[in-house]
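Before any comments, here is the structure.
Both ligands and their constituent atoms are indexed starting at 1 by order of listing.
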Amino acid sequence: MGLESVHESLWFIEERGAFGDRMRALSGLNPPPTSVFVLTDHNTNTHCLPLFKAHWPEAIPLHVLNIPPGEASKDWTRVPELMQQLSALGADRSSLLIALGGGVVTDFGGFVASVYQRGIRFGLIPTSLLAMVDASLGGKTGVDVEGVKNLAGRFAQPEFVGVWPGFLRTLPESEIRQGLAEMLKQGLMLSEAHWGELVAAESRWVEALQSATSEAQGWIRTSARLKLDCVASDPDERGSRAMLNFGHTVGHALESVFLEKRRPIAHGEAVLFGMRVELHLAKAFEDLEEREMVLGVLRRLGNLEESVPLKAERLLHFARFDKKNRGGALRLALPERIGKGRWGVECTESDFTSAIQLEWGCGGH
Ligand SMILES: NC(=O)c1ccc[n+]([C@@H]2O[C@H](COP(=O)([O-])OP(=O)(O)OC[C@H]3O[C@@H](n4cnc5c(N)ncnc54)[C@H](O)[C@@H]3O)[C@@H](O)[C@H]2O)c1
Ligand SMILES: [Zn+2]
């Protein structure tokens, strides 16, 4: 996968009219799909599907499939149901599945498309900020198995990713904040300029993004491009792509702990906490004043509900599952300074648990 092809399959759509043009142009896909399935969750079905449908070319039959919102839908046990629905509606190798939603819908839809009949065509239309700048980009699909995040997954490239920031108008503020967590991560690890432009606008983040102002569109475009450049230079995650995992060793472990308690927490929320913890492990981040400044930005962006008991030991248990680890040591992606990250940084289990206790405040209560 070359840099050009991933960038070409990303359509960054600035206006409502242009969104309609892009959707109509889907009838011109070569070869044309025999049938099209659009996967939504209840929220995107209400808020995003009407616009999508209004522009859909009538000549192509459209079937809508709908799942409940939330991480619980991205579960291994739900795969057969969607496959059976596709099969009953006659989906074949020439069908196209379009996932219209946040990262849950794009991960789940992409995964099912990549295994149904050994793989059918799919496209993604991310409707949450997190999906626009992160989840829909880079060809990773996946589902959770028995509470372990993304334990089953495939690398599979969508035919297109259509980003239209106008969908953010109905996205709740808490979800906007989660997308911002991933954008800040991309700035911290990959671009000082992106970090700088975001931090300078802290007071107007939510409003600008929910109104999809041209400034906010610029942030989304930059963040999405940073992610794509990183992915294109290492599509199978053999090296530098792991940079995007900053905050995710702790973040994914935290998600697993909460999944296990059957009280799933949001990915962005977990990653935000993960970044705060992992910053304490970033020993190379020598400028302590700068590190405090970064921590301040992350802490203001969001806090976990800390009344929930959390055992550092349990987090460590899940962190050991992490696909990035090799040979027993924990390996993390950490910033060296703002805008420059490293991956494969080894960390001892005791440093890991101490860092969790620093950010959790009350330790393993
Ligand atoms: N594949 C990847 O590379 C990758 C990267 C990052 C995250 N992820 C995955 O993405 C998932 C998180 O994504 P998410 O935060 O988008 O979660 P999500 O899909 O659950 O969306 C968050 C919430 O916003 C709602 N929503 C989405 N768009 C809306 C809109 N326009 N208006 C109103 N409501 C809307 C959804 O219904 C949901 O309730 C996690 O499962 C995570 O593992 C994958
Ligand atoms: Zn993430």
Give the contacting part of Ser128 toward ligand 1: side chain, backbone, both or neither, where contact means a heavy-atom distance below 4.0 Å.
both
Show the atoms of ligand 1 that are less than 4.0 angstrom away from any heavy atom in His47.
33 (C)
May I ask you to check if ligand 1 and Lys74 share an N or O to N or O distance below 3.5 Å?
yes
Could you tell me which atoms of ligand 1, counted from 1 in the order shown, lie closer than 4.0 angstrom to a heavy atom of Pro69?
37 (O), 39 (O)
Is Lys227 in contact with ligand 1, taking contact as a heavy-atom separation below 4.0 Å?
yes
Atoms in ligand 1 with a heavy atom of Thr170 nearer than 4.0 Å:
30 (C), 31 (N), 32 (N), 33 (C)
For ligand 1, which atoms have a heavy atom of Asp134 less than 4.0 angstrom away?
5 (C), 6 (C)
Where do Phe167 and Phe19 land on the ring-ring contact (aromatic ring centres under 6.0 Å, His included) test, with the steps shown first?
CA-CA 11 Å; Phe167 281 128; Phe19 179 78; 5.4 Å; yes
Result for side-chain contact (heavy atoms from CB on, under 4.5 Å) between Leu39 and one of Val112, Ile67, Leu100, Thr44 points to Ile67
When you group the ILVMFWY residues by side-chain heavy-atom contacts below 4.5 Å and let the links chain together, are Phe155 and Phe111 in the same group?
no
Inspect the surroundings of CD in Gln117 and state if more than 12 heavy atoms from other residues, nucleotides or ligands are less than 6.0 Å away.
yes
Applying the salt bridge (Lys or Arg N to Asp or Glu O under 4.0 Å) criterion to Glu336, which one of Arg342, Lys283, Arg291 satisfies it?
Arg342
Gln210, portion touching ligand 1 at heavy-atom distance under 4.0 Å
neither
Can Lys149 be said to touch ligand 1, with heavy atoms closer than 4.0 Å?
yes
Looking only at protein heavy atoms, what sits closest to atom 31 (N) of ligand 1 is Phe167 O, 2.9 Å
For the residue pair His63 and Phe37, categorise the inter-ring angle as parallel (less than 30°), tilted (30 to 60°) or perpendicular (more than 60°).
parallel
Check contact between Cys48 and ligand 1, using heavy atoms of the residue and a distance below 4.0 angstrom.
yes
Please could you name the atoms of ligand 1 that Gly102 approaches to less than 4.0 Å, counting only its heavy atoms?
16 (O), 19 (O)
Which residue holds the protein heavy atom closest to atom 22 (C) of ligand 1, what is that atom called, and what is the gap in Å?
Glu175 OE1, 3.2 Å
Decide, counting backbone as well as side-chain atoms, whether Glu182 has an N, O or S atom less than 2.8 Å from the Zn ion (ligand 2).
yes
Using a strict cut-off of 4.0 Å, indicate which atoms of ligand 1 neighbour a heavy atom of Glu71.
40 (C), 41 (O)
Identity and separation of the nearest protein heavy atom to atom 4 (C) of ligand 1
Ala135 CA, 3.4 Å
One residue to check: Asp41. Relative to ligand 1, which of side chain, backbone, both or neither has a non-hydrogen atom less than 4.0 Å away?
side chain
Do Val105 and Leu124 have side chains that get closer than 4.5 Å, going by heavy atoms?
no
Cluster overlap Met183 with Phe12, hydrophobic side-chain contacts below 4.5 Å:
yes
With a 4.0 Å cut-off, would you call Glu215 and Arg204 a salt bridge?
yes
Heavy atoms only: which of Gly103, Pro165, Ala72 lies closest to atom 10 (O) of ligand 1?
Gly103
Identify the protein heavy atom lying closest to atom 25 (C) of ligand 1, giving its residue, its atom name and the separation to 0.1 Å.
Asn43 ND2, 4.0 Å
Look at the side-chain heavy atoms of Ile, Leu, Val, Met, Phe, Trp and Tyr, link any pair under 4.5 Å apart, and say whether Val104 and Val143 land in one connected group.
no
Look at Glu192 together with Lys340 and state whether they make a salt bridge at an N to O cut-off of under 4.0 Å.
no
Nearest non-hydrogen atom to atom 26 (N) of ligand 1 belongs to which of Leu244, Val105, Leu168, Leu171?
Leu171
Looking at Glu207, I want to see if its CD is surrounded by more than 12 non-hydrogen atoms of other residues, nucleotides or ligands under 6.0 Å.
no
How far is atom 44 (C) of ligand 1 from its nearest protein heavy atom, and which residue and atom name does that atom have?
Asp107 OD2, 3.2 Å
Counting heavy atoms only, name the option from Val104, Thr127, Leu100 that's nearest to atom 27 (C) of ligand 1.
Thr127
Calculate the angle formed at the Zn ion (ligand 2) by NE2 in His248 and NE2 in His267; 10° precision is enough.
110°
Please list, in number order, the atoms of ligand 1 under 4.0 Å from a heavy atom of Lys140.
1 (N), 3 (O)
May I ask you to decide if the ring planes of His267 and His252 are parallel, tilted or perpendicular, using 30° and 60° as cut-offs?
tilted
Can you get from Leu259 to Val271 by hopping between Ile, Leu, Val, Met, Phe, Trp and Tyr side chains that sit under 4.5 Å apart?
no
